[in-house]
Colleague: 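Before anything else, here's the structure in question.
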Amino acid sequence: MISAADFSISKIPHFNARGLRRCVVPGAGCSIGTDAVGYSSSTADFWCGRNDAILVRITWMGYSWSFQVLDGSVQPIPNEKEPMEELAFVVARELYRWITEDAADLPPFDD
């Protein structure tokens, strides 16, 4: 099973996505709960960076974080369906952990 450890994830300053193209898998998300008992939702949007790195913007509870993601050997992740689906799966799983454990300050997406 692929995990966050299989990627090199580093926090970057907020980036302007204007002019960047969306990845073949444009993002991932996670929602839990219902309006009656409380609802939380987080999204991650993926863009192809100018240096071939994947840029990720995560939003949750009105906050936004930006990251650059490379593969585990610090090489660009190909913007192809299979590797991007693997990244989306890992990111969605981490978003779920953020929401359920209030873990936004824990690796791999730590501040």
Colleague: Please answer whether the main-chain N or O of Phe7 pairs with a side-chain N or O of Asp71 as donor and acceptor at a distance below 3.5 Å.
Modeller: no
Colleague: Which pair of non-hydrogen atoms, one from Trp47 and one from Cys23, has the smallest distance, and what is that distance?
Modeller: C-SG, 3.4 Å
Colleague: Which atoms form the tightest heavy-atom contact between Ala28 and Ala88, and what is the distance?
Modeller: CB-O, 3.6 Å
Colleague: Under 3.5 Å, is there a donor-acceptor pair between the side chain of Ser42 and the main chain of Thr59?
Modeller: yes
Colleague: Which pair of non-hydrogen atoms, one from Gly29 and one from Leu95, has the smallest distance, and what is that distance?
Modeller: CA-CD1, 4.0 Å
Colleague: Count I, L, V, M, F, W, Y as connected when their side-chain heavy atoms are under 4.5 Å apart, and connections chain through other members. Are Ile99 and Met61 then in the same cluster?
Modeller: yes
Colleague: Between Ala4 and Ile9, which heavy-atom pair has the shortest distance, and what is it?
Modeller: O-CD1, 4.3 Å
Colleague: Minimum heavy-atom separation for Arg18 and Arg50, please, with both atom names.
Modeller: O-NH2, 3.9 Å
Colleague: Within a radius of less than 6.0 Å around CZ of Arg22, do more than 12 heavy atoms belonging to other residues, nucleotides or ligands occur?
Modeller: yes
Colleague: Do the non-hydrogen side-chain atoms of Gln68 and Val56 ever get within less than 4.5 Å of each other?
Modeller: no
Colleague: Please tell me if the side chains of Met84 and Ile77 come closer than 4.5 Å, counting only heavy atoms from C-beta onward.
Modeller: yes
Colleague: When the ring planes of Trp60 and Trp98 are compared, do they come out parallel, tilted or perpendicular, using 30° and 60° as the limits?
Modeller: tilted
Colleague: If you measure from CZ on Arg57 to NE2 on His14, what distance do you get to the nearest 0.5 Å?
Modeller: 4.0 Å
Colleague: To the nearest 0.5 angstrom, please state how far the CG atom of Leu20 sits from the CG atom of Asp45.
Modeller: 12.0 Å
Colleague: One pair to check against side-chain contact (heavy atoms from CB on, under 4.5 Å): Phe15 and Phe67. What are the steps and the verdict?
Modeller: CA-CA 9 Å; Phe15 60 92; Phe67 301 92; over 6 Å; no
Colleague: Atom SG in Cys48, atom CG in Leu55: separation rounded to 0.5 Å?
Modeller: 8.5 Å
Colleague: Measuring from Ile58:CD1 to Cys30:SG, what's the distance to the nearest 0.5 Å?
Modeller: 11.5 Å
Colleague: Can you check side-chain contact (heavy atoms from CB on, under 4.5 Å) on Val90 and Asp6, steps first, answer last?
Modeller: CA-CA 9 Å; Val90 168; Asp6 295 315; over 6 Å; no
Colleague: Quick one: closest heavy-atom pair of Ala44 and Val91, and the distance?
Modeller: CB-CG1, 3.5 Å
Colleague: According to a 4.5 Å side-chain heavy-atom criterion applied to Ile, Leu, Val, Met, Phe, Trp and Tyr, with indirect links allowed, do Val25 and Tyr96 form part of one hydrophobic cluster?
Modeller: yes
Colleague: Would you say that Ile54 contacts Leu87 through its side chain, given a criterion of any heavy-atom pair below 4.5 Å between the two side chains?
Modeller: yes
